[in-house]
Each structure stands twice: as C-alpha cells, then as structure tokens.
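Position 1 is the first residue of the sequence; numbering continues from there. Note that the structure is predicted; figures quoted are calculated from it, not measured.
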Amino acid sequence: MKTYRAGFVLALVGNAVFAVVLSGLWLHYRGTRPVEDMQIQTPASAAQATTETPSPSAETPLVPVQISAQRLQSIGVKVGKVERRLVEDEIRTTGTVVIDETKLAYVQVRFSGFIEKVFVDATYQYIRKGQPLFTIYSPDLVSTEREYLVARQNQQQVAQSAVPGVASSAASLLDAAVERLKQWGVPQQEIARLESSGQVEQELEFDSPVSGYITERNALPSVAVQPEMRLFTVADLSNVWVQAQVFQNDLGRIKVGDPARLTVSTFPGRTFDGRVDFIYPQLDTDARTAKVRILLSNSDLQLKPGMFVNVALKVPMGRQLVLPASGVLQSGNRQIAFVDRNDGYLEPRDVELGPRVGDDFIVTRGLKAGERIVTSANFLIDSESQLQAALGAFVPPPPGAGVTSVTNAPQANAELTSDPNPPSKGSNVFRIRLTDAKGSPISGAEVSVTFFMPAMPAMGMAAMRTLVALSDKGNGLYEGSGVLGSGGTWQTTILAKKIGQPIASKQLSVNASGGM
C-alpha cells in the first residue's frame, strides 16, 4: 500500500513538472514568434510589395516607315497641310429671345382721373405711333383748361390797358395755365384746339407715343387712375435681345462686339447674325454660367420673345499655325502626327497642340508651316510604325557575353529574292542566298522565311502570317514556295540554322503587289 502511494505521488509530481516545462516552452515560443515573424516576413512583404507595384509602361516607340504608293492608295491614306492663317474659335451654347428693354415705352398720365373709353383692348395687339389708346375724364384737367380760357380772355381784354403792370400780369397768368397743361402731358394739338374753339372738352384722348406691341394693359373703362399707374406697356420688337448662357471657363474669351450667329428650329437653314452687346457681371452659382446679351435686328419680326435658339459665338484668335484635326493621333500621353516626306516615307512627329478651332487644331510645337501630314488611316500607319520599331529592336549579343552567346550569334548573310519580283498576292517562289562573312556560300542549313502583316481593325482585317520552309538547292541557294494572302507591306523575318544553332537572322519589309 505504501509502495502504491509513493508511486502515485511520484507520478503526480512528474506530471506537474512536465506541465510546467510545456508551459515554459509555449510561453517562450509565443514570445519569440513576433520577432521571428518580423525578421522573416518583412523582407518577403517588401519583395511582394515591390513585385505587385505596377511600374508605368513607357510609350511604344515609333520609327519612320516607307509604304508603297499602291498600298497608300489601298488603305485610303490622305494628306493635309500645316498652314498659318487667321482663325477664330466658336463657342456653342443656347439662349432665349427677350424684349429689348431700351425699346420699351410706358403709357401713364400725370393727373388723376377716370378712363371713359378704351380703343386698344387686348395685349400683344400691334399699334402705330399716334394711334388713339383711350379717353380720360379728369376734374383737375377740366378746371385747368377753364383757367386757361379765363386767363386768355382776361389777357385779351387788358392787353391795351394803360395801367402799368396789368397787361403783363394777365400774360403771366395765361403762360402759367399753358405751362401747367404741358406739364400734365396734354398734347399740343389739344391746347391748340382749346385755343381755337374756346370750349372745354370733358374727355381727353391719349395717343400711343411709339409703334409696337401691347405687352401689358391696365386701362379699363371706368377705372380710376393715378399718376403712378402704368396703363399700357408697348414693346418695339424691331430689335430683340438674346440672353445666352456661357460657362465661366469661356467668359475670358468673349468681349463686347464679338459676332454671333443664331439658328432656330422654327426656320431650318436660316441664320440670324448679331453681336455681343453686354456680359452680365453675375454667375449662376448652380450652373456656373453667366448671361451674355446679344443684340439682333428683327425687322421681319420672326424672332418672338421666349423663343429658344442655338447660339454660336465667334471668338477671333488672330493668325495661328493650324493642322487638320484628323491628322492628330492621340496615343496615351502623346499627340502624334505623321509627316509625309515624299515617296511614301512617313515620319512620326510628337506635337503639342493648343485649343481646337472648328475642324483644326492650333499647333504650338513640333510642326512648321507648309509641311504635309497624314489625315486618314493614321491608326494603320501607327501600327506599322510600332511593328517596325519592335522588329528593329533586335540586337545580336555582344562579343564575350558567353560561349553560348557566341555560338548562337548570327554568323552569315542572307539575301532574299522572289519570283515574281516584287512578290504579289497569291503564290510566289522565294529564294535565299546564304553566305558567310567572307562571301562564301553556306550549304546544309535549315532556312525559313516568315511573313507577317498586323491586324487592321479599321478595315476589318485580321493579322496574317505565312511560314515558308526553303530547301537546299546547293551552292548556298535555298528555295521554297509560299502564298501571301494580301498585297501590301509584310514584315519579314529570315532565320537560318545549322546543327541546331542560328547562323543568320534578318528582319526586313517586303512590299507585295495586289489588292488587300
């Protein structure tokens, strides 16, 4: 029994010691793991970050290309000219026809009274200058006319008086009565009628001071009127305004007096010419636009207030160097024009452009007046220029780059001929003359010629590739037949191998006759 208890105690103590050791190891592992992870993962994380960070790709290089006249015609290449001339920009916007405020006239009376008759009883009715508008009865006007008649009668009676001051006083009273009638706006013909007839009229007729359209009417029969009351508003529409909305970015290019041309959907094919009359000093904070007022002649009254119109503001920009907009190829961050140097030789040129004016761009750098540029099929020429640049980038390994490099370096010259010459669309016989550096023929080689034409999406053509294997005819001559699927320029690669190692590699362009 004692032996059993001693064994039990010993086992219990051993288990406790083992648990303590395991806990210590676990704690040691947990404490050291972050340091180990930091030491191991930090370089890996940096390497991964370096690997995943995309480096900006450089623009594809371009090289000059030479294309046959036949192919230039087949792909539709057209040429424009860079020239220096007077240009003007055009800002297109919309506007609304409104009444010319300087052509508005208001009909009011300068005394109180009551309207008796109204001759013009509808808005937008056209009236002529001098046409009767209404009649009015005014007790004050009637009293003043009677005073005028009394003063006139007294002046006539005392005109021959010998008493000093009597004649002049009567004349002064008459002049005061006449002046009051004039200040109240009584027409001169009414004063003349009053003087000739000697009778006071209970109603005074008012005529229109201008010709135009009635846009507002408050004159109604039996209505009491006061001097501040506006009875009629007459608008002369022989001239109108157009209020155009112009974005704030364009305001700096517009000035008073600039020409403007307007079109209205109501009159297809017709244009209305005007000029900028005023630029409003406040912007619409929501639309970021300002009103630009345009003055137009409207003698035929075809432009009606409220009409929606299209506006083209002409902005003169002086004499500038320009090229057709179709002659610019936008390639990433570059703007490229292909300069025609004659005989199908096309040179890519980086250019800097200013604003577009109509169908042209202003050139700030890269071109000169008189140079000719390609204005169509730019994309096809750009593709061929990139391919030529890629094929021309092959450079044999330099000497001393290693035994393998020296062994694989091209050691022979290869000259290509064809039958017919030049090759044509369809079946052709191709021959390669293979010689070493000393001009001696090389036999027993494996020679192949690869013809490649890039895709032309604009013409619906996929890329084409033809591989021709040539057989050894002896004395360094190799010959084989192949079919070219199209006329035009083929990017050609000649490859010669001997004992499995390349001895000649050459890239060139071959122009084939025949259509696309």
Side-chain angles (χ1 to χ4, degrees), residues 99-123 125-239:
I99 296 173
D100 184 349
E101 295 176 4
T102 64
K103 298 291 184 178
L104 286 176
Y106 303 109
V107 178
Q108 295 174 277
V109 294
R110 300 179 182 179
F111 47 83
S112 59
F114 301 89
I115 292 180
E116 297 292 334
K117 299 176 183 177
V118 178
F119 304 111
V120 178
D121 54 2
T123 55
Q125 180 178 341
Y126 182 78
I127 59 173
R128 294 179 302 277
K129 182 178 181 179
Q131 180 176 337
L133 296 177
F134 60 89
T135 60
I136 186 172
Y137 166 70
S138 171
D140 294 337
L141 179 61
V142 171
S143 298
T144 302
E145 287 187 347
R146 287 175 178 169
E147 291 176 4
Y148 167 78
L149 293 177
V150 171
R152 182 171 177 274
Q153 183 178 4
N154 291 338
Q155 191 267 343
Q156 292 176 349
Q157 291 176 354
V158 299
Q160 304 299 326
S161 175
V163 179
V166 173
S168 60
S169 298
S172 298
L173 291 175
L174 179 61
D175 292 342
V178 172
E179 186 64 24
R180 185 185 301 178
L181 291 175
K182 291 181 178 179
Q183 291 295 329
W184 277 356
V186 177
Q188 184 62 40
Q189 60 266 27
E190 174 64 18
I191 298 177
R193 184 204 62 79
L194 185 64
E195 181 179 351
S196 61
S197 65
Q199 299 293 324
V200 175
E201 291 285 347
Q202 297 296 316
E203 298 179 13
L204 178 63
E205 180 182 281
F206 265 77
D207 301 332
S208 175
V210 294
S211 298
Y213 291 87
I214 299 295
T215 59
E216 182 184 16
R217 181 180 78 94
N218 295 313
L220 299 173
S222 303
V223 168
V225 297
Q226 298 297 326
E228 68 273 9
M229 186 174 179
R230 186 182 301 172
L231 301 178
F232 289 95
T233 301
V234 184
D236 181 3
L237 299 181
S238 59
N239 288 333

I would like to know whether Thr215 and Thr123 meet side-chain contact (heavy atoms from CB on, under 4.5 Å); could you show each step before the answer?
CA-CA 5 Å; Thr215 59; Thr123 55; over 6 Å; no
Nearest 0.5 angstrom please: Ser222 OG to Tyr137 OH, how far?
13.5 Å
Return the CG to CZ distance between Leu133 and Phe232, rounded to the nearest 0.5 Å.
5.5 Å
Using side-chain heavy atoms (C-beta onward) and a distance below 4.5 Å, is Val109 in contact with Leu231?
yes
For Arg193, I'd like to know if atom CZ has over 12 heavy atoms of other residues, nucleotides or ligands within 6.0 Å.
yes
So which heavy atom on Ala235 is nearest to which on Leu104, and how close?
CB-CD2, 3.6 Å
Nearest heavy-atom pair of Glu216 and Thr233: which atoms, and what distance?
OE1-OG1, 2.7 Å
Between Ile136 and Phe114, is there a side-chain heavy-atom distance shorter than 4.5 Å?
no
Rounded to the nearest 0.5 Å, the CD atom of Glu116 sits from the OG atom of Ser138 at a distance of 11.0 Å
Heavy-atom closest pair (Ile127 atom, Gln131 atom, distance to 0.1 Å) is CA-OE1, 3.4 Å
Using only heavy-atom distances, determine whether the side chains of Asp100 and Thr102 contain a donor-acceptor pair under 3.5 Å.
yes
Intermediate values then yes/no, side-chain contact (heavy atoms from CB on, under 4.5 Å), Arg217 and Val118:
CA-CA 10 Å; Arg217 181 180 78 94; Val118 178; 4.0 Å; yes
Min side-chain heavy-atom separation Leu149-Leu194 under 4.5 Å:
yes
Could you grab the distance from atom CZ of Arg110 to atom NZ of Lys182, nearest 0.5 Å is fine?
13.0 Å
Could you check if a side-chain atom of Arg180 sits within less than 4.5 angstrom of a side-chain atom of Val186, using non-hydrogen atoms only?
no
Could you tell me the separation between the NZ atom of Lys129 and the CG atom of Asp236, rounded to the nearest 0.5 Å?
11.0 Å
Is the shortest heavy-atom distance from the side chain of Leu204 to the side chain of Leu141 under 4.5 Å?
yes
Give a yes or no on whether the backbone of Lys117 and the side-chain of Thr135 come within a donor-acceptor separation of less than 3.5 Å.
yes
Glu145 versus Glu190: any side-chain heavy-atom pair under 4.5 Å?
yes
How long is the straight-line distance from OG1 of Thr144 back to CG of Leu181, given to the nearest 0.5 Å?
6.0 Å
Looking at side-chain heavy atoms only, is the closest gap between Lys103 and Leu237 below 4.5 Å?
no
Within a 6.0 Å radius of atom CZ on Phe119, are there more than 12 heavy atoms belonging to other residues, nucleotides or ligands?
yes
Could you check whether any side-chain heavy atom of Asp140 comes within less than 4.5 Å of a side-chain heavy atom of Ser112, counting everything from C-beta outward?
yes
Check step by step if side-chain contact (heavy atoms from CB on, under 4.5 Å) holds for Met229 and Gln108.
CA-CA 6 Å; Met229 186 174 179; Gln108 295 174 277; 5.8 Å; no
Look at the rings of Phe206 and Phe111 and say which category their plane angle falls in: under 30° parallel, 30 to 60° tilted, over 60° perpendicular.
tilted
